[in-house]
There are 2 protein chains.
Amino acid sequence: MADATLRDVARASGCSIATVSRVLAGTRPVGPETARRVREAAEALGYRPNQAARALRSRSTGTVGLVLPQITNPFYPALVRELTHALHADGRAVLLADCDDDPAAEAEYIDDLLSRRVDALLVIPADERRSRDAVAAAAARVPLVLMDRGCGPGIADSVAVDNAAGMALVLGHLAATGRRRVCYLGADGTASAAAERRAAYAAGAAVLDAGAPGRVALGDFSVEWGRAAVDLVWDARPDALVCANDLIAVGALQRLQQRGADVPGDVAVTGFDDIPMAALAAPGITTVRQPVAELAAEATQLLSRRLAAPGSEGPQRAIRLAPELVVRESSAVRGGDGAAARSTG
Amino acid sequence: MADATLRDVARASGCSIATVSRVLAGTRPVGPETARRVREAAEALGYRPNQAARALRSRSTGTVGLVLPQITNPFYPALVRELTHALHADGRAVLLADCDDDPAAEAEYIDDLLSRRVDALLVIPADERRSRDAVAAAAARVPLVLMDRGCGPGIADSVAVDNAAGMALVLGHLAATGRRRVCYLGADGTASAAAERRAAYAAGAAVLDAGAPGRVALGDFSVEWGRAAVDLVWDARPDALVCANDLIAVGALQRLQQRGADVPGDVAVTGFDDIPMAALAAPGITTVRQPVAELAAEATQLLSRRLAAPGSEGPQRAIRLAPELVVRESSAVRGGDGAAARSTG
DNA sequence: TGCGTTTCGGCAAACGTTATCAATGGCGGG
DNA sequence: CCCGCCATTGATAACGTTTGCCGAAACGCA
């Protein structure tokens, strides 16, 4: 049995296609009796509007493309979850593309999504520089919101956590709990998260410990780098390691424990993002929690606004949301009981 | 500048819409000179076919719906990654729906995806029983492949890991390394993964330790349950805890360490799935690695086959792939050096 | 009763593509 | 030299929806 169409419903309810369409879409008032008949017929036939036809006619697919660099990066699943929920709540569906950290693949996916006539795009760019052209071209065609990482200035609306504020929280916490010899295990990419956290650390560390700047080691956002980086700063005898994200922190923690260092007794460790693993490490890792649900809400709101306006009206917006410090055992006060301040499922 | 259409390309190349369509789709031979002109014009105008129109006309959207219970479950991101890559390689796009473990939401999403005219569905059912109706109804309309968890017999094609084989690998390994008092920390749901692993453990444990069956504690697939479950089987003085998945194993490991037990010295711990966290726990958790890429490949192949055939031809297939045992420190031989057999990024 | 105004319903034209059918021209076989 | 066939190409009808426009009926008011 083929799908029921407006035609079928019209025939069954004894009125015209146009009327059926109006009843179901509610675009224009329709007589109560007719409306009832139409609704009954639609129900009886199990009518489901054909979104392809609707898209063709109304030039809107009700679909948003979500392009991300690596779904296996443990920070993204939570973000994807919130984004899909927020978009579905708006009646939109999500086309997912994972570009495997490859800007070329990313460009291809963006192209494909555009050809599929997505109403808008949410992009977490794979590379600050090399993603730029494709993203800019796409932004010229549909509303586009950059998330998490930037992509050069003036490209599109963007939503991200306030990395500087987060880093300040960490440094403040460490200073308040008596840590004095802080080192930074960061990432050296041009990605905005890497750059901003790096800069914020530099700024904050100067204040914290003006005379003796903590050592800084830069690599990438991985557990392996976290392990390796510990050795690079070891000679500085740090009493705290500030890591640019939780993966680095996990690696650092492992290496510290291998070396027989006591965490947090000898050295505190902090991360960034609050991925699930941060809560589950032993000791739990103090970190900066990104307001994932709020980030998603802001992003979808931004999209809705652009979609509501006819042209790409209004100035570009760069939204930064304040993160929250989550204190766990890895930065407990020396001699303290080390109980988790909070724990996450 | 609006998107170029076939009309525009036709006008620019001085031939008819039909010819342009034929050149670009390659459906029928076309003169070499005309073809060249058409291709040049298309290139010059930046023509991209409108997939909505194509879908309307050809009754195929080139789109596959992927419905999963919880993207934040750390086992799924890797699967999603492989699935999207495999499908994109086939020229299909992926509509993602995360139903948050709620069968009602799942049914709604499936409905929405069908109304969006997905060519096929990939579903990881949220609940063995309560997902059944919606899945069966969907399977009657489009090719549908169940993944990871079953959904009652005879509903649709399915692809999953061979849970029994995996559990047998674990039990064999534990037996070979001298573990004698094994306990099972499992999940009691009707989900096939839970049921099959439970059954396989029961079968294997009977052989392993006929006289004194290991204790069994059943809860859900969570870290919290893993922590709690340890206390329930503690009195049995186990020298090995077989966990139904890695999350349980992580929780168990934490609780064991809290209790001061030496892992693997006093008690071995094993998991299932090989999520990233299993490799990163300290000690690394011995587990059963699901062949994620192969699962994805089989699933997409199954879909392609169904999509190629006109009706839903051919018998239903239930594919089970053999998993691989990954031995890490958590089950090292007592007195052994405890080095990881392998480690994962 | 006549007329402006509202309300409701239908007709038909798009949207951009694919697929069917007919028309054109060239060419070889009879 | 004519007929018919193949190779190309063009015109055109769908696909299922939304929507502008128009007619008809109903209603309010003087």
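Letters go in sequence order (proteins before strands), and every chain restarts at 1.
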Can you sort out the partners of B:Asp111 under side chain to side chain contact (heavy atoms under 4.5 Å, CB included), two or more places apart, ordered by chain and number? A:Arg48

Quick one: list whatever passes side chain to side chain contact (heavy atoms under 4.5 Å, CB included) with B:Val20, sequence neighbours left out. B:Leu6, B:Val9, B:Ala10, B:Ser13, B:Cys15, B:Leu24, B:Val38

Restricting to salt bridge (Lys or Arg N to Asp or Glu O under 4.0 Å), what partner residues turn up for B:Arg116, sequence neighbours left out? B:Asp112

Who passes side chain to side chain contact (heavy atoms under 4.5 Å, CB included) against B:Asn73, sequence neighbours left out? B:Gln70, B:Phe75, B:Tyr76

Bend of the helix from C:dT1-D:dA30 to C:dG30-D:dC1 from end-axis comparison, five pairs per end, nearest 10°, comes to 50°

N/O (side chain, B:Thr34) to phosphate O (OP1/OP2, D:dT9) under 4.0 Å: yes

Which ones in residues 19-28 of chain B lie close to DNA chain D, meaning a heavy atom under 4.0 Å from one of its atoms? B:Thr19, B:Arg22, B:Arg28

Side-chain contact, heavy-atom cut-off 4.5 Å: A:Leu87 with A:Leu122? yes

For B:Leu144, which of B:Ile155, B:Val123, B:Ile110, B:Leu302 qualifies under side chain to side chain contact (heavy atoms under 4.5 Å, CB included)? B:Val123

Residue pairs involving residues 25-35 of chain B (criterion side-chain hydrogen bond (donor to acceptor under 3.5 Å, both in side chains); sequence neighbours excluded): B:Glu33-B:Arg36

B:Asp3 and A:Arg117 ion-paired at < 4.0 Å: yes

For B:His85, ring pair (Phe, Tyr, Trp, His ring centres under 6.0 Å) partners two or more places apart: none

For A:Pro74, the side chain to side chain contact (heavy atoms under 4.5 Å, CB included) test, sequence neighbours excluded, returns A:Leu247, A:Ile275

What residues form a side-chain hydrogen bond (donor to acceptor under 3.5 Å, both in side chains) with A:Thr19, not counting sequence neighbours? A:Ser16

Nucleotide N/O to protein N/O under 3.5 Å, stretch nucleotides 13-16 of chain D:
from: D:dA14; atom 1: N3; to: B:Arg57; atom 2: NH1; distance (Å): 2.6
from: D:dC15; atom 1: O3'; to: B:Arg59; atom 2: NH1; distance (Å): 3.3
from: D:dG16; atom 1: OP1; to: B:Arg59; atom 2: NH2; distance (Å): 3.0

For chain A and DNA chain C, what are the first and last nucleotides along the strand, 5' to 3', with at least one atom under 4.0 angstrom from a heavy atom of the protein chain? C:dC8 to C:dG16

Which distance, rounded to the nearest 0.5 Å, do you find between the CG of A:Asp119 and the CG of A:Asp90? 11.5 Å

